[in-house]
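The block underneath contains the structure these notes are about, expressed in structure tokens.
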Amino acid sequence: LHKEYRRQRQMCIRDSSKVVRLDVSTGEIMEKDLETGMWSISIYDGNVYAVTQYELHRYTPALEDLGKIADIPQQGIISKVIVESDYIMIYMGGENGRVSLYSREGEKLGEYDQLGTTWILAGYDEENVYFTTIMGQKIAQISIEGIKSGEAQLEEITG
């Protein structure tokens, strides 16, 4: 199982409007130019999920476009896309800081749009999304279920 996992490991990076995939076990490099440019990528189940300025797309491991999953309203700087088993999280930083959740099929599940410029994404787990201030002096969390229900509250968990 461990060898099989290592054989399937892949790493993708973005380079302006190009995605480069490296199979770390074989050294094979695959490149794909994208017409629209990309802001962030994530890999889940071998597929590559890419956020362009206004859209979320899914690509095969061979970087063939499987199509647009969702339109993304551009109201901030898309800093990160994270794909999990039951949702896709898009974090937008900047003046209009927000976290948006989508189903893997592209349905918008919820959004928290009160981050402003104070809080930046620090991580996440099964239950919460964590944020820190720019200087790392404070940490806060928002529950994923709260985002989905529309009742999310940013809760400071440190000094």
Side-chain angles (χ1 to χ4, degrees), residues 4-5 8-24 28-132 140-155:
E4 180 63 25
Y5 172 75
Q8 292 180 5
R9 282 192 321 188
Q10 301 168 16
M11 178 173 55
C12 284
I13 58 173
R14 69 181 174 93
D15 174 18
S16 186
S17 62
K18 181 186 294 186
V19 177
V20 180
R21 189 190 110 208
L22 167 66
D23 185 320
V24 294
E28 177 188 6
I29 296 175
M30 188 174 302
E31 296 183 22
K32 175 79 171 184
D33 288 322
L34 300 176
E35 295 174 14
T36 57
M38 293 178 46
W39 294 62
S40 180
I41 62 173
S42 184
I43 299 173
Y44 188 85
D45 278 347
N47 290 317
V48 177
Y49 293 79
V51 176
T52 65
Q53 186 173 7
Y54 299 105
E55 299 174 336
L56 172 64
H57 284 256
R58 181 174 47 234
Y59 293 85
T60 67
L63 300 176
E64 297 165 340
D65 193 353
L66 294 173
K68 180 175 71 170
I69 297 173
D71 290 316
I72 308 295
Q74 184 60 26
Q75 300 168 335
I77 301 166
I78 298 173
S79 301
K80 186 85 173 157
V81 60
I82 298 166
V83 181
E84 287 295 320
S85 61
D86 60 344
Y87 66 86
I88 298 170
M89 178 172 48
I90 297 177
Y91 164 67
M92 294 182 201
E95 187 176 316
N96 297 312
R98 68 186 64 236
V99 174
S100 302
L101 295 179
Y102 292 84
S103 72
R104 301 240 342 258
E105 293 75 38
E107 174 189 355
K108 192 165 190 177
L109 301 175
E111 181 172 84
Y112 182 81
D113 62 359
Q114 303 297 313
L115 293 172
T117 58
T118 304
W119 298 99
I120 56 174
L121 183 67
Y124 67 98
D125 61 22
E126 293 176 0
E127 297 177 6
N128 298 297
V129 184
Y130 300 95
F131 300 90
T132 187
Q141 67 184 13
I142 301 172
S143 82
I144 290 173
E145 286 306 315
I147 295 171
K148 289 179 182 178
S149 71
E151 298 176 6
Q153 297 291 323
L154 184 69
E155 174 189 358

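Numbering starts at 1 and runs along the sequence shown.
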Tyr124 and its side chain to side chain donor-acceptor pair (under 3.5 Å) partner, picked from Gln141, Glu84, Lys80: Glu84

With a 4.5 Å heavy-atom cut-off, do Ile88 and Tyr44 have their side chains touching?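 No, every pair of side-chain atoms sits at 4.5 Å or beyond.
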
Would you indicate whether the side-chain heavy atoms of Ile72 and Met92 approach each other to under 4.5 Å? yes

Backbone of Val81 reached by a side-chain donor or acceptor of Ser40 within 3.5 Å: yes

Enter the distance from [X]:[atom1] to [Y]:[atom2] here, rounded to the nearest 0.5 Å.
X      : Y      : atom1 : atom2 : answer
Arg104 : Ser85  : CZ    : OG    : 7.5 Å
Ile41  : His57  : CD1   : NE2   : 14.0 Å
Arg98  : Gln114 : CZ    : CD    : 8.5 Å
Phe131 : Leu115 : CZ    : CG    : 4.5 Å
Leu101 : Asp86  : CG    : CG    : 9.0 Å
Asp125 : Tyr130 : CG    : OH    : 3.5 Å

Minimum heavy-atom distance between [X] and [Y], given as atom pair plus value:
X      : Y      : result
Ile147 : Val129 : CD1-CG2, 4.3 Å
Gly106 : Ala70  : O-CB, 3.7 Å
Glu55  : Asp71  : CG-OD1, 4.0 Å

Criterion side chain to side chain contact (heavy atoms under 4.5 Å, CB included) on Tyr91 and Ile82, from CA distance to verdict: CA-CA 8 Å; Tyr91 164 67; Ile82 298 166; over 6 Å; no

